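As C-alpha coordinates, the structure follows; a few thoughts come after it.
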2 protein chains.
Amino acid sequence: MESGRPYSRLLSRLERYGPLEHHERQRISELPLTVTNVSAHQPITLQGDKPSRCTLVLGGFLYTHKMASGGRRQITSLLVPGDFADLQALHLHNVDCNLSALGPAVVAFVAPAALNDMLNRSPRLAQALWRETFIEAAIYREWVTNLGRRESIARVSHLICELASRLQTVDLARNLCFSIPLTQAELADACGISSVHANRVVQELRRLELVEWDSRQVRIRNWSGLARTGDFSAEYLQLPFCVEEAAPLEERVSEEA
Amino acid sequence: MESGRPYSRLLSRLERYGPLEHHERQRISELPLTVTNVSAHQPITLQGDKPSRCTLVLGGFLYTHKMASGGRRQITSLLVPGDFADLQALHLHNVDCNLSALGPAVVAFVAPAALNDMLNRSPRLAQALWRETFIEAAIYREWVTNLGRRESIARVSHLICELASRLQTVDLARNLCFSIPLTQAELADACGISSVHANRVVQELRRLELVEWDSRQVRIRNWSGLARTGDFSAEYLQLPFCVEEAAPLEERVSEEA
DNA sequence: CGACCGATTGACACAGCTCAAATGAAGTGG
DNA sequence: CCACTTCATTTGAGCTGTGTCAATCGGTCG
(Lines give C-alpha, C1' and ligand atoms only; values in the text may rest on other atoms or scores of the structure.)
Protein backbone atom coordinates (compact mmCIF):
# COMPACT_ATOMS: atom_id res chain seq x y z
CA MET A 1 0.00 0.00 0.00
CA GLU A 2 2.21 2.78 -1.31
CA SER A 3 1.88 6.13 0.39
CA GLY A 4 4.22 9.05 -0.31
CA ARG A 5 2.38 12.29 0.06
CA PRO A 6 -1.24 11.31 -0.46
CA TYR A 7 -1.84 13.69 -3.34
CA SER A 8 1.35 12.92 -5.25
CA ARG A 9 -0.17 10.43 -7.67
CA LEU A 10 -3.08 12.77 -8.25
CA LEU A 11 -0.70 15.57 -9.05
CA SER A 12 1.25 13.58 -11.58
CA ARG A 13 -2.04 12.52 -13.06
CA LEU A 14 -3.33 16.04 -13.47
CA GLU A 15 -0.04 17.14 -14.95
CA ARG A 16 -0.11 14.61 -17.74
CA TYR A 17 -1.13 17.27 -20.20
CA GLY A 18 1.10 20.01 -18.92
CA PRO A 19 2.58 21.23 -15.65
CA LEU A 20 0.48 23.01 -13.09
CA GLU A 21 1.60 26.22 -11.54
CA HIS A 22 3.04 26.39 -8.10
CA HIS A 23 -0.05 27.86 -6.49
CA GLU A 24 -2.19 25.17 -8.07
CA ARG A 25 -0.07 22.37 -6.70
CA GLN A 26 -0.19 24.23 -3.44
CA ARG A 27 -3.98 24.30 -3.42
CA ILE A 28 -4.16 20.59 -4.00
CA SER A 29 -1.75 19.89 -1.21
CA GLU A 30 -3.88 22.01 1.09
CA LEU A 31 -7.05 20.06 0.38
CA PRO A 32 -8.44 18.69 3.62
CA LEU A 33 -8.19 14.93 3.17
CA THR A 34 -9.43 12.16 5.43
CA VAL A 35 -7.14 9.23 4.78
CA THR A 36 -8.76 5.89 5.58
CA ASN A 37 -7.94 2.24 5.28
CA VAL A 38 -10.69 0.13 3.81
CA SER A 39 -10.65 -3.62 4.01
CA ALA A 40 -11.32 -6.07 1.21
CA HIS A 41 -14.85 -5.99 -0.15
CA GLN A 42 -15.84 -3.23 2.19
CA PRO A 43 -18.57 -1.13 0.61
CA ILE A 44 -17.65 2.55 0.48
CA THR A 45 -20.74 3.99 -1.16
CA LEU A 46 -24.00 2.27 -2.03
CA GLN A 47 -26.32 2.83 -4.93
CA GLY A 48 -29.06 5.23 -3.90
CA ASP A 49 -26.95 7.03 -1.33
CA LYS A 50 -26.84 10.77 -1.24
CA PRO A 51 -23.22 11.52 -2.02
CA SER A 52 -21.39 13.28 0.77
CA ARG A 53 -17.75 12.88 -0.20
CA CYS A 54 -15.37 12.28 -3.06
CA THR A 55 -13.04 9.34 -2.87
CA LEU A 56 -9.47 9.42 -4.09
CA VAL A 57 -7.66 6.10 -4.39
CA LEU A 58 -4.25 6.23 -2.74
CA GLY A 59 -3.35 2.56 -2.68
CA GLY A 60 -4.99 -0.69 -3.71
CA PHE A 61 -7.97 -0.97 -6.01
CA LEU A 62 -11.60 0.03 -5.86
CA TYR A 63 -14.37 -0.98 -8.19
CA THR A 64 -17.87 0.17 -9.02
CA HIS A 65 -20.63 -2.31 -9.69
CA LYS A 66 -24.32 -2.54 -10.36
CA MET A 67 -26.76 -5.37 -9.80
CA ALA A 68 -28.97 -6.63 -12.58
CA SER A 69 -32.06 -8.73 -11.99
CA GLY A 70 -31.52 -12.30 -10.91
CA GLY A 71 -28.66 -11.30 -8.64
CA ARG A 72 -26.30 -10.91 -11.56
CA ARG A 73 -23.57 -8.42 -10.85
CA GLN A 74 -21.65 -6.26 -13.28
CA ILE A 75 -18.46 -4.51 -12.38
CA THR A 76 -18.62 -1.21 -14.22
CA SER A 77 -15.15 0.14 -13.55
CA LEU A 78 -11.88 -0.61 -11.85
CA LEU A 79 -10.09 2.20 -10.07
CA VAL A 80 -6.36 2.35 -9.57
CA PRO A 81 -4.23 4.61 -7.37
CA GLY A 82 -4.50 8.21 -8.52
CA ASP A 83 -8.09 7.78 -9.72
CA PHE A 84 -10.97 9.69 -8.27
CA ALA A 85 -13.73 7.13 -7.76
CA ASP A 86 -16.78 9.32 -7.52
CA LEU A 87 -16.15 12.85 -8.65
CA GLN A 88 -19.78 12.95 -9.72
CA ALA A 89 -20.59 13.63 -6.07
CA LEU A 90 -19.58 17.17 -6.96
CA HIS A 91 -22.64 17.74 -9.11
CA LEU A 92 -25.07 14.85 -8.92
CA HIS A 93 -27.58 14.26 -6.17
CA ASN A 94 -27.77 10.51 -6.09
CA VAL A 95 -25.35 7.67 -6.52
CA ASP A 96 -26.06 5.27 -9.36
CA CYS A 97 -23.70 2.43 -8.50
CA ASN A 98 -21.93 0.76 -5.62
CA LEU A 99 -18.33 1.49 -4.77
CA SER A 100 -16.22 -1.10 -2.95
CA ALA A 101 -12.65 -2.10 -2.37
CA LEU A 102 -11.26 -5.02 -4.33
CA GLY A 103 -8.68 -5.89 -1.70
CA PRO A 104 -7.44 -3.85 1.24
CA ALA A 105 -7.04 -0.29 0.03
CA VAL A 106 -6.18 3.20 1.20
CA VAL A 107 -8.40 6.06 0.17
CA ALA A 108 -8.68 9.75 0.91
CA PHE A 109 -12.09 11.33 1.33
CA VAL A 110 -12.59 14.94 0.34
CA ALA A 111 -15.66 16.99 1.07
CA PRO A 112 -17.31 18.04 -2.19
CA ALA A 113 -17.63 21.57 -0.86
CA ALA A 114 -13.89 21.81 -0.26
CA LEU A 115 -13.15 20.44 -3.69
CA ASN A 116 -15.65 22.78 -5.31
CA ASP A 117 -14.13 25.65 -3.49
CA MET A 118 -10.69 24.79 -4.79
CA LEU A 119 -11.98 24.34 -8.33
CA ASN A 120 -13.75 27.67 -8.28
CA ARG A 121 -10.47 29.35 -7.46
CA SER A 122 -8.51 27.42 -10.05
CA PRO A 123 -10.20 27.05 -13.40
CA ARG A 124 -7.23 25.06 -14.67
CA LEU A 125 -7.63 22.51 -11.94
CA ALA A 126 -11.30 22.29 -12.76
CA GLN A 127 -10.41 21.68 -16.38
CA ALA A 128 -7.88 19.04 -15.42
CA LEU A 129 -10.44 17.13 -13.40
CA TRP A 130 -13.07 17.54 -16.08
CA ARG A 131 -10.56 16.04 -18.47
CA GLU A 132 -10.27 13.03 -16.17
CA THR A 133 -14.03 12.68 -16.41
CA PHE A 134 -13.78 12.64 -20.19
CA ILE A 135 -11.12 9.95 -20.06
CA GLU A 136 -13.34 7.94 -17.76
CA ALA A 137 -16.11 8.21 -20.35
CA ALA A 138 -13.74 7.05 -23.07
CA ILE A 139 -12.91 4.00 -20.97
CA TYR A 140 -16.62 3.29 -20.57
CA ARG A 141 -17.06 3.43 -24.33
CA GLU A 142 -14.33 0.88 -24.71
CA TRP A 143 -15.92 -1.35 -22.07
CA VAL A 144 -19.23 -1.13 -23.89
CA THR A 145 -17.48 -2.26 -27.05
CA ASN A 146 -15.64 -4.98 -25.17
CA LEU A 147 -18.80 -6.39 -23.65
CA GLY A 148 -20.96 -5.97 -26.69
CA ARG A 149 -18.73 -7.14 -29.49
CA ARG A 150 -15.86 -9.29 -28.30
CA GLU A 151 -15.85 -12.90 -27.28
CA SER A 152 -14.72 -13.92 -23.86
CA ILE A 153 -11.02 -14.48 -24.44
CA ALA A 154 -10.74 -11.09 -26.11
CA ARG A 155 -12.65 -9.42 -23.29
CA VAL A 156 -10.33 -10.77 -20.67
CA SER A 157 -7.22 -10.02 -22.72
CA HIS A 158 -8.43 -6.50 -23.34
CA LEU A 159 -9.06 -5.89 -19.67
CA ILE A 160 -5.59 -7.09 -18.77
CA CYS A 161 -4.03 -4.82 -21.38
CA GLU A 162 -6.02 -1.87 -20.10
CA LEU A 163 -5.03 -2.52 -16.52
CA ALA A 164 -1.37 -2.89 -17.45
CA SER A 165 -1.44 0.37 -19.39
CA ARG A 166 -3.18 2.32 -16.65
CA LEU A 167 -0.93 0.89 -13.98
CA GLN A 168 2.17 1.74 -15.97
CA THR A 169 1.25 5.40 -15.83
CA VAL A 170 1.30 5.29 -12.04
CA ASP A 171 4.40 3.13 -12.02
CA LEU A 172 2.65 0.06 -10.66
CA ALA A 173 3.35 -2.22 -13.61
CA ARG A 174 7.02 -2.57 -14.32
CA ASN A 175 8.11 -5.23 -16.80
CA LEU A 176 4.46 -5.86 -17.60
CA CYS A 177 3.92 -7.39 -14.19
CA PHE A 178 1.42 -6.11 -11.72
CA SER A 179 -0.35 -7.19 -8.61
CA ILE A 180 -4.12 -7.01 -8.27
CA PRO A 181 -6.42 -8.81 -5.84
CA LEU A 182 -8.94 -9.73 -8.51
CA THR A 183 -10.51 -13.16 -8.14
CA GLN A 184 -11.71 -15.08 -11.14
CA ALA A 185 -15.29 -14.45 -10.02
CA GLU A 186 -14.60 -10.72 -10.03
CA LEU A 187 -12.87 -10.96 -13.38
CA ALA A 188 -16.01 -12.67 -14.62
CA ASP A 189 -18.22 -9.89 -13.25
CA ALA A 190 -16.08 -7.30 -15.00
CA CYS A 191 -16.12 -9.16 -18.32
CA GLY A 192 -19.77 -10.19 -18.32
CA ILE A 193 -19.05 -13.91 -18.29
CA SER A 194 -19.58 -16.70 -15.77
CA SER A 195 -16.89 -17.47 -13.25
CA VAL A 196 -16.54 -21.00 -14.58
CA HIS A 197 -15.89 -19.62 -18.00
CA ALA A 198 -13.50 -17.01 -16.63
CA ASN A 199 -11.46 -19.86 -15.26
CA ARG A 200 -11.36 -21.57 -18.64
CA VAL A 201 -10.32 -18.34 -20.34
CA VAL A 202 -7.50 -17.75 -17.88
CA GLN A 203 -6.29 -21.28 -18.47
CA GLU A 204 -6.38 -20.71 -22.19
CA LEU A 205 -4.34 -17.52 -21.81
CA ARG A 206 -1.80 -19.53 -19.86
CA ARG A 207 -1.74 -22.27 -22.46
CA LEU A 208 -1.18 -19.68 -25.20
CA GLU A 209 1.71 -18.35 -23.10
CA LEU A 210 0.21 -14.89 -23.14
CA VAL A 211 -0.28 -14.38 -19.42
CA GLU A 212 0.75 -15.85 -16.10
CA TRP A 213 -1.73 -15.18 -13.34
CA ASP A 214 -1.27 -16.71 -9.92
CA SER A 215 -2.48 -15.46 -6.59
CA ARG A 216 -2.99 -11.76 -7.40
CA GLN A 217 0.17 -11.56 -9.50
CA VAL A 218 -0.34 -10.93 -13.20
CA ARG A 219 2.54 -11.24 -15.62
CA ILE A 220 2.07 -10.51 -19.30
CA ARG A 221 4.42 -12.81 -21.16
CA ASN A 222 3.61 -11.64 -24.67
CA TRP A 223 2.32 -8.10 -24.90
CA SER A 224 1.75 -7.92 -28.61
CA GLY A 225 0.07 -11.31 -28.68
CA LEU A 226 -2.18 -10.35 -25.82
CA ALA A 227 -3.03 -7.01 -27.39
CA ARG A 228 -3.86 -8.79 -30.64
CA THR A 229 -6.02 -11.34 -28.88
CA GLY A 230 -7.76 -8.60 -26.94
CA ASP A 231 -8.14 -6.28 -29.93
CA PHE A 232 -6.45 -3.70 -27.75
CA SER A 233 -5.15 -0.33 -28.75
CA ALA A 234 -4.42 2.18 -26.03
CA GLU A 235 -5.42 5.40 -27.77
CA TYR A 236 -8.67 5.65 -25.87
CA LEU A 237 -6.78 5.94 -22.60
CA GLN A 238 -5.30 9.26 -23.74
CA LEU A 239 -1.97 8.39 -22.20
CA PRO A 240 0.77 10.98 -22.38
CA PHE A 241 3.16 8.51 -24.01
CA CYS A 242 2.77 6.01 -26.81
CA VAL A 243 2.26 2.43 -25.72
CA GLU A 244 4.16 1.50 -28.84
CA GLU A 245 7.12 3.10 -27.14
CA ALA A 246 6.54 1.99 -23.60
CA ALA A 247 4.95 -1.42 -23.68
CA PRO A 248 7.02 -3.28 -26.25
CA LEU A 249 10.12 -1.85 -24.64
CA GLU A 250 9.09 -3.40 -21.37
CA GLU A 251 8.29 -6.57 -23.22
CA ARG A 252 11.83 -6.96 -24.45
CA VAL A 253 13.08 -6.58 -20.92
CA SER A 254 10.65 -9.09 -19.54
CA GLU A 255 11.35 -11.64 -22.23
CA GLU A 256 15.02 -11.62 -21.38
CA ALA A 257 14.24 -12.13 -17.73
CA MET B 1 -36.62 18.30 -37.42
CA GLU B 2 -37.74 20.66 -34.68
CA SER B 3 -35.97 23.98 -34.52
CA GLY B 4 -37.04 26.84 -32.27
CA ARG B 5 -34.05 28.84 -31.20
CA PRO B 6 -31.17 26.43 -31.62
CA TYR B 7 -30.02 26.66 -28.01
CA SER B 8 -33.45 26.34 -26.41
CA ARG B 9 -33.27 22.62 -25.70
CA LEU B 10 -29.76 23.04 -24.38
CA LEU B 11 -30.95 25.75 -22.04
CA SER B 12 -33.79 23.71 -20.62
CA ARG B 13 -31.33 20.88 -20.22
CA LEU B 14 -28.84 22.93 -18.28
CA GLU B 15 -31.58 24.35 -16.11
CA ARG B 16 -32.78 20.98 -14.93
CA TYR B 17 -31.07 21.46 -11.60
CA GLY B 18 -31.88 25.09 -11.13
CA PRO B 19 -32.45 28.19 -13.23
CA LEU B 20 -29.57 30.03 -14.80
CA GLU B 21 -29.17 33.73 -14.43
CA HIS B 22 -30.09 36.10 -17.17
CA HIS B 23 -26.51 36.83 -18.18
CA GLU B 24 -25.76 33.12 -18.34
CA ARG B 25 -28.65 32.44 -20.70
CA GLN B 26 -27.46 35.45 -22.62
CA ARG B 27 -23.97 34.04 -22.99
CA ILE B 28 -25.30 30.79 -24.33
CA SER B 29 -27.48 32.54 -26.85
CA GLU B 30 -24.46 34.51 -28.00
CA LEU B 31 -22.38 31.41 -28.68
CA PRO B 32 -21.29 31.38 -32.30
CA LEU B 33 -23.02 28.32 -33.73
CA THR B 34 -22.72 26.80 -37.16
CA VAL B 35 -26.03 25.09 -37.79
CA THR B 36 -25.74 22.26 -40.29
CA ASN B 37 -27.95 19.57 -41.75
CA VAL B 38 -26.40 16.15 -41.79
CA SER B 39 -27.87 13.33 -43.81
CA ALA B 40 -28.52 9.80 -42.65
CA HIS B 41 -25.39 7.81 -41.82
CA GLN B 42 -23.17 10.74 -42.60
CA PRO B 43 -20.02 10.55 -40.50
CA ILE B 44 -19.45 13.70 -38.49
CA THR B 45 -16.25 12.81 -36.70
CA LEU B 46 -14.04 9.78 -37.14
CA GLN B 47 -11.99 7.90 -34.60
CA GLY B 48 -8.44 9.20 -34.62
CA ASP B 49 -9.41 12.69 -35.72
CA LYS B 50 -8.03 15.69 -33.94
CA PRO B 51 -11.15 17.29 -32.51
CA SER B 52 -11.85 20.74 -33.87
CA ARG B 53 -15.44 21.38 -32.84
CA CYS B 54 -18.14 20.43 -30.41
CA THR B 55 -21.41 19.14 -31.78
CA LEU B 56 -24.78 19.99 -30.29
CA VAL B 57 -27.74 17.95 -31.47
CA LEU B 58 -30.62 20.19 -32.46
CA GLY B 59 -32.89 17.70 -34.21
CA GLY B 60 -32.76 14.03 -35.09
CA PHE B 61 -30.38 11.52 -33.58
CA LEU B 62 -26.66 10.97 -33.60
CA TYR B 63 -24.76 7.96 -32.38
CA THR B 64 -21.19 7.10 -31.48
CA HIS B 65 -19.71 3.76 -32.42
CA LYS B 66 -16.48 1.83 -32.36
CA MET B 67 -15.30 -1.05 -34.49
CA ALA B 68 -14.05 -4.26 -32.95
CA SER B 69 -11.98 -6.80 -34.82
CA GLY B 70 -13.75 -8.84 -37.46
CA GLY B 71 -15.74 -5.83 -38.60
CA ARG B 72 -18.06 -6.05 -35.65
CA ARG B 73 -19.51 -2.70 -34.74
CA GLN B 74 -20.69 -1.48 -31.35
CA ILE B 75 -22.84 1.58 -30.94
CA THR B 76 -21.62 3.18 -27.74
CA SER B 77 -24.19 5.90 -27.28
CA LEU B 78 -27.30 7.41 -28.78
CA LEU B 79 -27.65 11.18 -28.73
CA VAL B 80 -30.95 12.98 -28.70
CA PRO B 81 -31.79 16.66 -29.25
CA GLY B 82 -30.26 18.79 -26.52
CA ASP B 83 -27.27 16.47 -26.09
CA PHE B 84 -23.73 17.55 -26.71
CA ALA B 85 -22.15 14.74 -28.70
CA ASP B 86 -18.49 15.39 -28.15
CA LEU B 87 -17.81 17.83 -25.37
CA GLN B 88 -14.56 15.96 -24.79
CA ALA B 89 -13.17 17.97 -27.70
CA LEU B 90 -12.81 20.69 -25.08
CA HIS B 91 -10.03 18.89 -23.27
CA LEU B 92 -8.90 15.78 -25.13
CA HIS B 93 -6.53 15.70 -28.05
CA ASN B 94 -7.80 12.74 -29.99
CA VAL B 95 -11.17 11.26 -30.74
CA ASP B 96 -11.76 7.71 -29.55
CA CYS B 97 -14.94 6.84 -31.44
CA ASN B 98 -16.89 7.65 -34.56
CA LEU B 99 -19.82 10.03 -34.56
CA SER B 100 -22.55 9.73 -37.16
CA ALA B 101 -26.16 10.63 -37.76
CA LEU B 102 -28.76 7.92 -37.37
CA GLY B 103 -31.18 9.53 -39.78
CA PRO B 104 -31.20 13.05 -41.19
CA ALA B 105 -30.33 15.39 -38.36
CA VAL B 106 -29.62 19.01 -37.57
CA VAL B 107 -26.59 19.87 -35.51
CA ALA B 108 -24.82 22.99 -34.36
CA PHE B 109 -21.05 23.10 -34.31
CA VAL B 110 -19.30 25.24 -31.73
CA ALA B 111 -15.61 26.01 -31.70
CA PRO B 112 -14.05 24.59 -28.52
CA ALA B 113 -12.24 27.88 -28.00
CA ALA B 114 -15.51 29.81 -28.00
CA LEU B 115 -17.08 27.34 -25.62
CA ASN B 116 -14.07 27.40 -23.34
CA ASP B 117 -14.14 31.14 -23.35
CA MET B 118 -17.77 31.16 -22.28
CA LEU B 119 -17.14 28.56 -19.57
CA ASN B 120 -14.22 30.52 -18.18
CA ARG B 121 -16.50 33.48 -17.71
CA SER B 122 -19.32 31.48 -16.19
CA PRO B 123 -18.28 28.89 -13.67
CA ARG B 124 -21.90 27.86 -13.24
CA LEU B 125 -22.24 27.05 -16.89
CA ALA B 126 -19.04 25.05 -16.68
CA GLN B 127 -20.49 23.14 -13.75
CA ALA B 128 -23.72 22.55 -15.61
CA LEU B 129 -21.89 21.05 -18.57
CA TRP B 130 -19.62 19.04 -16.32
CA ARG B 131 -22.76 17.66 -14.73
CA GLU B 132 -23.94 16.56 -18.16
CA THR B 133 -20.65 14.72 -18.53
CA PHE B 134 -21.31 12.92 -15.25
CA ILE B 135 -24.76 11.91 -16.41
CA GLU B 136 -23.27 10.62 -19.62
CA ALA B 137 -20.91 8.49 -17.54
CA ALA B 138 -23.83 7.15 -15.50
CA ILE B 139 -25.53 6.14 -18.73
CA TYR B 140 -22.38 4.34 -19.81
CA ARG B 141 -22.31 2.43 -16.54
CA GLU B 142 -25.85 1.30 -17.18
CA TRP B 143 -24.98 0.26 -20.73
CA VAL B 144 -22.05 -1.75 -19.41
CA THR B 145 -24.44 -3.51 -17.06
CA ASN B 146 -26.98 -3.98 -19.81
CA LEU B 147 -24.47 -5.55 -22.17
CA GLY B 148 -22.66 -7.56 -19.56
CA ARG B 149 -25.44 -8.99 -17.49
CA ARG B 150 -28.79 -8.96 -19.26
CA GLU B 151 -30.06 -11.27 -21.92
CA SER B 152 -31.13 -9.95 -25.25
CA ILE B 153 -34.81 -9.25 -24.61
CA ALA B 154 -33.92 -7.31 -21.48
CA ARG B 155 -31.22 -5.37 -23.30
CA VAL B 156 -33.61 -4.22 -25.98
CA SER B 157 -36.36 -3.43 -23.50
CA HIS B 158 -33.97 -1.47 -21.36
CA LEU B 159 -32.76 0.56 -24.31
CA ILE B 160 -36.31 1.42 -25.30
CA CYS B 161 -37.13 2.51 -21.76
CA GLU B 162 -34.02 4.67 -21.63
CA LEU B 163 -34.80 6.32 -24.93
CA ALA B 164 -38.39 6.99 -23.91
CA SER B 165 -37.27 8.56 -20.65
CA ARG B 166 -34.62 10.73 -22.23
CA LEU B 167 -36.96 11.81 -25.01
CA GLN B 168 -39.67 12.69 -22.54
CA THR B 169 -37.39 15.26 -20.96
CA VAL B 170 -37.07 17.05 -24.28
CA ASP B 171 -40.74 16.60 -25.04
CA LEU B 172 -40.19 14.19 -27.90
CA ALA B 173 -42.04 11.22 -26.40
CA ARG B 174 -45.61 12.03 -25.56
CA ASN B 175 -47.90 9.16 -24.60
CA LEU B 176 -44.91 6.87 -24.61
CA CYS B 177 -44.63 7.14 -28.38
CA PHE B 178 -41.57 8.37 -30.15
CA SER B 179 -40.04 8.37 -33.56
CA ILE B 180 -36.50 7.22 -34.18
CA PRO B 181 -34.84 6.12 -37.42
CA LEU B 182 -33.17 3.10 -35.84
CA THR B 183 -33.01 0.01 -38.03
CA GLN B 184 -32.98 -3.43 -36.50
CA ALA B 185 -29.35 -3.78 -37.53
CA GLU B 186 -28.53 -0.61 -35.61
CA LEU B 187 -30.57 -1.76 -32.65
CA ALA B 188 -28.49 -4.94 -32.76
CA ASP B 189 -25.25 -2.95 -32.80
CA ALA B 190 -26.39 -0.95 -29.79
CA CYS B 191 -27.42 -4.05 -27.85
CA GLY B 192 -24.49 -6.26 -28.75
CA ILE B 193 -26.58 -8.88 -30.53
CA SER B 194 -26.90 -10.01 -34.13
CA SER B 195 -29.40 -8.32 -36.40
CA VAL B 196 -31.24 -11.59 -36.95
CA HIS B 197 -31.68 -11.96 -33.24
CA ALA B 198 -32.70 -8.32 -32.88
CA ASN B 199 -35.52 -9.06 -35.25
CA ARG B 200 -36.67 -12.01 -33.16
CA VAL B 201 -36.52 -9.94 -29.99
CA VAL B 202 -38.61 -7.17 -31.51
CA GLN B 203 -41.15 -9.73 -32.61
CA GLU B 204 -41.23 -11.17 -29.13
CA LEU B 205 -41.82 -7.70 -27.67
CA ARG B 206 -44.74 -7.31 -30.05
CA ARG B 207 -46.13 -10.70 -29.14
CA LEU B 208 -45.93 -9.84 -25.45
CA GLU B 209 -47.82 -6.65 -26.28
CA LEU B 210 -45.11 -4.55 -24.72
CA VAL B 211 -44.06 -2.50 -27.73
CA GLU B 212 -45.22 -1.62 -31.20
CA TRP B 213 -42.41 -0.70 -33.55
CA ASP B 214 -43.06 -0.01 -37.19
CA SER B 215 -41.10 2.12 -39.58
CA ARG B 216 -39.28 4.38 -37.11
CA GLN B 217 -42.31 4.76 -34.87
CA VAL B 218 -42.01 3.21 -31.42
CA ARG B 219 -45.03 2.92 -29.17
CA ILE B 220 -44.70 1.48 -25.69
CA ARG B 221 -47.95 -0.31 -24.95
CA ASN B 222 -47.12 -1.44 -21.42
CA TRP B 223 -44.60 0.70 -19.63
CA SER B 224 -44.40 -1.22 -16.39
CA GLY B 225 -44.18 -4.54 -18.19
CA LEU B 226 -41.43 -3.26 -20.44
CA ALA B 227 -39.53 -1.76 -17.52
CA ARG B 228 -39.81 -5.07 -15.68
CA THR B 229 -38.64 -7.04 -18.71
CA GLY B 230 -35.77 -4.62 -19.22
CA ASP B 231 -34.84 -4.43 -15.55
CA PHE B 232 -35.15 -0.68 -15.97
CA SER B 233 -35.15 1.94 -13.29
CA ALA B 234 -34.55 5.52 -14.34
CA GLU B 235 -32.58 6.80 -11.37
CA TYR B 236 -29.30 6.66 -13.22
CA LEU B 237 -30.57 9.23 -15.71
CA GLN B 238 -30.75 11.82 -12.93
CA LEU B 239 -33.97 13.21 -14.32
CA PRO B 240 -35.48 16.20 -12.60
CA PHE B 241 -38.80 14.43 -12.13
CA CYS B 242 -39.71 10.96 -10.99
CA VAL B 243 -40.51 8.51 -13.77
CA GLU B 244 -42.94 6.99 -11.34
CA GLU B 245 -44.84 10.22 -11.70
CA ALA B 246 -44.35 10.86 -15.36
CA ALA B 247 -44.24 7.55 -17.12
CA PRO B 248 -47.17 5.66 -15.61
CA LEU B 249 -49.23 8.81 -15.98
CA GLU B 250 -48.52 8.79 -19.67
CA GLU B 251 -49.23 5.11 -19.73
CA ARG B 252 -52.75 5.63 -18.47
CA VAL B 253 -53.34 8.16 -21.19
CA SER B 254 -51.98 5.92 -23.90
CA GLU B 255 -53.95 2.93 -22.75
CA GLU B 256 -57.16 4.84 -23.06
CA ALA B 257 -56.25 6.00 -26.55
C1' DC C 1 -39.35 -2.57 -64.09
C1' DG C 2 -35.19 -3.50 -61.74
C1' DA C 3 -32.30 -2.36 -57.84
C1' DC C 4 -31.80 -1.85 -53.24
C1' DC C 5 -32.57 -1.99 -48.51
C1' DG C 6 -34.71 -3.52 -44.35
C1' DA C 7 -37.46 -7.06 -42.24
C1' DT C 8 -38.37 -11.84 -41.78
C1' DT C 9 -37.78 -16.94 -41.65
C1' DG C 10 -35.63 -21.57 -41.18
C1' DA C 11 -31.92 -24.71 -40.16
C1' DC C 12 -28.02 -25.65 -37.91
C1' DA C 13 -23.77 -24.69 -35.08
C1' DC C 14 -21.39 -23.30 -31.05
C1' DA C 15 -19.82 -20.14 -27.31
C1' DG C 16 -20.74 -19.82 -23.03
C1' DC C 17 -24.04 -21.03 -19.10
C1' DT C 18 -25.64 -23.91 -15.26
C1' DC C 19 -25.28 -27.48 -12.10
C1' DA C 20 -22.56 -30.25 -9.35
C1' DA C 21 -18.61 -31.90 -7.39
C1' DA C 22 -13.63 -32.18 -6.42
C1' DT C 23 -9.27 -30.12 -5.35
C1' DG C 24 -6.17 -26.97 -3.17
C1' DA C 25 -4.57 -23.30 -0.21
C1' DA C 26 -4.96 -20.53 3.92
C1' DG C 27 -6.49 -19.59 8.26
C1' DT C 28 -8.63 -20.77 12.97
C1' DG C 29 -9.12 -22.90 17.19
C1' DG C 30 -8.37 -26.62 20.20
C1' DC D 1 0.29 -29.77 15.01
C1' DC D 2 -3.89 -31.47 13.56
C1' DA D 3 -9.09 -31.22 12.50
C1' DC D 4 -12.07 -28.05 10.45
C1' DT D 5 -13.85 -24.22 7.89
C1' DT D 6 -13.69 -21.18 4.22
C1' DC D 7 -12.83 -19.48 -0.06
C1' DA D 8 -10.82 -19.67 -4.77
C1' DT D 9 -9.77 -22.62 -8.44
C1' DT D 10 -10.59 -26.41 -11.33
C1' DT D 11 -13.09 -30.08 -13.93
C1' DG D 12 -16.92 -32.56 -16.24
C1' DA D 13 -21.38 -32.92 -18.51
C1' DG D 14 -25.27 -31.39 -20.51
C1' DC D 15 -28.12 -27.46 -21.93
C1' DT D 16 -29.50 -23.09 -24.27
C1' DG D 17 -29.35 -18.49 -25.95
C1' DT D 18 -27.62 -16.48 -29.65
C1' DG D 19 -24.82 -16.51 -33.92
C1' DT D 20 -24.18 -17.66 -38.78
C1' DC D 21 -25.66 -18.71 -43.29
C1' DA D 22 -28.79 -18.41 -46.80
C1' DA D 23 -33.15 -17.36 -48.65
C1' DT D 24 -37.34 -14.88 -49.16
C1' DC D 25 -40.46 -11.10 -48.82
C1' DG D 26 -42.02 -6.36 -49.11
C1' DG D 27 -41.66 -1.66 -49.78
C1' DT D 28 -39.49 2.46 -52.12
C1' DC D 29 -37.26 4.99 -55.49
C1' DG D 30 -35.27 6.28 -59.81
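Reminder, nothing fancy here: chain letters follow the sequence lines and each chain counts from 1. These figures come from a predicted structure and were not determined experimentally.
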Send over the distance from [X] [atom1] to [N] [atom2], rounded to a whole Å.
X	N	atom1	atom2	result
A:Glu204	D:dT10	CD	P	14 Å
A:Arg207	D:dT10	CZ	P	15 Å
B:His41	C:dC5	NE2	C1'	11 Å
A:Glu186	D:dT9	CD	P	9 Å
A:Arg200	C:dA15	CZ	C1'	11 Å
B:Asp189	D:dG19	CG	P	11 Å
B:His197	C:dA11	NE2	C1'	16 Å
A:Arg149	C:dA15	CZ	C1'	15 Å

Verify the contact: side-chain N or O of [X] to OP1 or OP2 of [N], cut-off strictly under 4.0 Å; return yes or no.
X	N	result
B:Asn199	C:dA7	no
B:Gln203	C:dT9	yes
A:Ser152	C:dG16	yes
A:Arg155	C:dA15	no
B:Gln184	C:dC5	no

Does the distance from a Lys or Arg side-chain N to an Asp or Glu carboxylate O, for [X] and [Y], drop under 4.0 Å?
X	Y	result
A:Glu151	A:Arg155	no
A:Glu162	A:Arg166	yes
B:Arg141	B:Glu136	no

**Request:** Ignoring hydrogens and angles, answer whether the base of C:dG6 and the side-chain atoms of B:Arg216 contain a donor-acceptor pair closer than 3.5 Å.
**Result:**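 No.
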
**Message:** For a quick check, tell me whether the side chain of B:Arg72 and the base of D:dG19 share a donor-acceptor pair closer than 3.5 Å.
**Reply:**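 Flag unset: no donor-acceptor pair detected.
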
**Item:** Residue A:Glu151, side-chain heavy atoms: nucleotide from D:dT11, C:dG10, C:dG16 that is nearest
**Value:**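 Side chain of A:Glu151 sits closest to C:dG16.
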
Would you indicate what [X] reaches in the nucleic acid, counting non-hydrogen atoms under 4.0 angstrom: base, sugar-phosphate, or nothing?
X	value
A:Thr183	sugar-phosphate
B:Arg206	sugar-phosphate
A:Val202	nothing

**Message:** Can you tell me which residue among B:Lys66, B:Arg73, B:Arg72 is in a salt bridge (Lys or Arg N to Asp or Glu O under 4.0 Å) with B:Asp189?
**Reply:**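 Going through B:Lys66, B:Arg73, B:Arg72 one by one, the salt bridge (Lys or Arg N to Asp or Glu O under 4.0 Å) with B:Asp189 is satisfied by B:Arg73 alone.
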
**Request:** Provide the closest heavy-atom pair for A:Arg9 versus A:Val170 in the form atom of the first, atom of the second, distance.
**Result:**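 Heavy atoms of A:Arg9 and A:Val170 come nearest at NH1-O, 2.9 Å.
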
